[in-house]
**Q** 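Pasting a structure below so you can have a look.
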Amino acid sequence: MEEISKEIIEKAKDGDREAMGEIFETYKDYVMRSSYIMLGRIEEAEDVTENVFFKIFTHIQSFDIERDFRPWLSRIIINETRNYISKNK
């Protein structure tokens, strides 16, 4: 999987929708696969994927640009999946 550039992340932090779209396109399959592995149902994984990207784009300002993006994203996936399970199971 390719890693998104710091430049794209900076643009997304500044509200650039094209940069946000690039983040989405780069990581959508990773987010979907990860949530599907934890949930086992495609419909639930789709819901979590939507929640993950909402969380990313509403909290991207808190992301430290000096760190790798993927671990931050992975933590959001795990947290959103856990939240989904606790609300829907």
Side-chain angles (χ1 to χ4, degrees):
M1 168 188 295
E2 74 178 81
E3 188 71 26
I4 203 82
S5 73
K6 292 182 188 287
E7 179 183 348
I8 296 299
I9 296 169
E10 282 291 351
K11 287 180 178 180
K13 288 177 91 167
D14 290 337
D16 185 313
R17 290 184 181 266
E18 191 172 310
M20 290 179 192
E22 193 166 334
I23 291 170
F24 176 78
E25 289 300 322
T26 300
Y27 292 108
K28 68 181 178 182
D29 292 337
Y30 172 68
V31 173
M32 186 68 171
R33 274 192 312 271
S34 298
S35 57
Y36 178 76
I37 287 167
M38 290 184 271
L39 295 165
R41 294 193 60 214
I42 194 75
E43 299 84 9
E44 292 176 341
E46 289 170 345
D47 290 343
V48 168
T49 297
E50 183 178 318
N51 294 343
V52 166
F53 281 102
F54 177 77
K55 186 74 70 161
I56 289 169
F57 296 131
T58 57
H59 291 87
I60 198 156
Q61 292 299 324
S62 68
F63 176 70
D64 180 357
I65 198 71
E66 297 305 316
R67 296 184 171 262
D68 289 335
F69 187 77
R70 194 163 172 195
W72 186 72
L73 171 61
S74 296
R75 177 52 46 198
I76 293 172
I77 295 167
I78 291 166
N79 289 342
E80 287 302 309
T81 302
R82 286 179 178 166
N83 290 343
Y84 185 88
I85 290 169
S86 70
K87 289 178 183 175
N88 296 291
K89 298 284 179 176

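Index from 1, following the sequence.
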**Q** List the residues meeting salt bridge (charged side-chain N to carboxylate O under 4.0 Å, His left out) with Asp64, not counting sequence neighbours, and say none if there are none.
**A** Arg67
**Q** Mind listing the closest non-hydrogen atom pair of Ala12 and Ile60 along with its distance?
**A** CB-CD1, 3.8 Å
**Q** Is there any ring-ring contact (aromatic ring centres under 6.0 Å, His included) pair reaching into residues 31-59, and which pairs are they, with sequence neighbours excluded?
**A** Phe24-Phe53
**Q** Decide salt bridge (charged side-chain N to carboxylate O under 4.0 Å, His left out) for Lys6 and Glu10; before the verdict, give the C-alpha distance in whole Å, the side-chain angles of both, and the deciding distance to 0.1 Å.
**A** CA-CA 6 Å; Lys6 292 182 188 287; Glu10 282 291 351; over 6 Å; no
**Q** Hey, what do you get for CD (Glu7) to CD (Glu22), rounding to the nearest 0.5 Å?
**A** 9.0 Å
**Q** Do Met38 and Val48 have side chains that get closer than 4.5 Å, going by heavy atoms?
**A** no
**Q** Taking Asp68 for the side chain and Pro71 for the main chain, is one N or O donor matched with an acceptor at less than 3.5 Å?
**A** no
**Q** Are Val31 and Ile85 linked, directly or through other ILVMFWY residues, by side chains that come within less than 4.5 angstrom of each other?
**A** yes
**Q** Does any non-hydrogen side-chain atom of Ile8 lie less than 4.5 Å from one of Thr26?
**A** no
**Q** To the nearest 0.5 Å, how far apart are CD in Glu80 and OG1 in Thr49?
**A** 10.5 Å
**Q** Got a second to check how far Ile56's CD1 is from Leu73's CG, nearest 0.5 Å?
**A** 4.5 Å
**Q** Quick test of your reading: applying ring-ring contact (aromatic ring centres under 6.0 Å, His included), list the pairs with at least one residue in residues 67-89, sequence neighbours left out, ordered by first then second residue.
**A** Tyr27-Phe69, Phe63-Phe69, Phe63-Trp72, Phe69-Trp72
**Q** Inspect the surroundings of CD in Glu50 and state if more than 12 heavy atoms from other residues, nucleotides or ligands are less than 6.0 Å away.
**A** no
**Q** Compare every heavy atom of Ala19 with every heavy atom of Lys11, then report the nearest pair and how far apart it is.
**A** CB-CB, 3.6 Å
**Q** Among Thr81, Asp47, Ile42, Asn51, find the one that has a side chain to side chain contact (heavy atoms under 4.5 Å, CB included) with Ser35.
**A** Thr81
**Q** Quick one: CE on Met32 to CD1 on Ile77, what's the gap to the nearest 0.5 Å?
**A** 11.5 Å
**Q** Counting only heavy atoms from other residues, nucleotides and ligands, does the tally under 6.0 Å from CD of Gln61 exceed 12?
**A** yes
**Q** Measure the spacing between CD1 of Ile23 and CD1 of Ile9 and express it to the nearest 0.5 Å.
**A** 6.0 Å
**Q** Give a yes or no on whether the backbone of Asn83 and the side-chain of Ser86 come within a donor-acceptor separation of less than 3.5 Å.
**A** yes
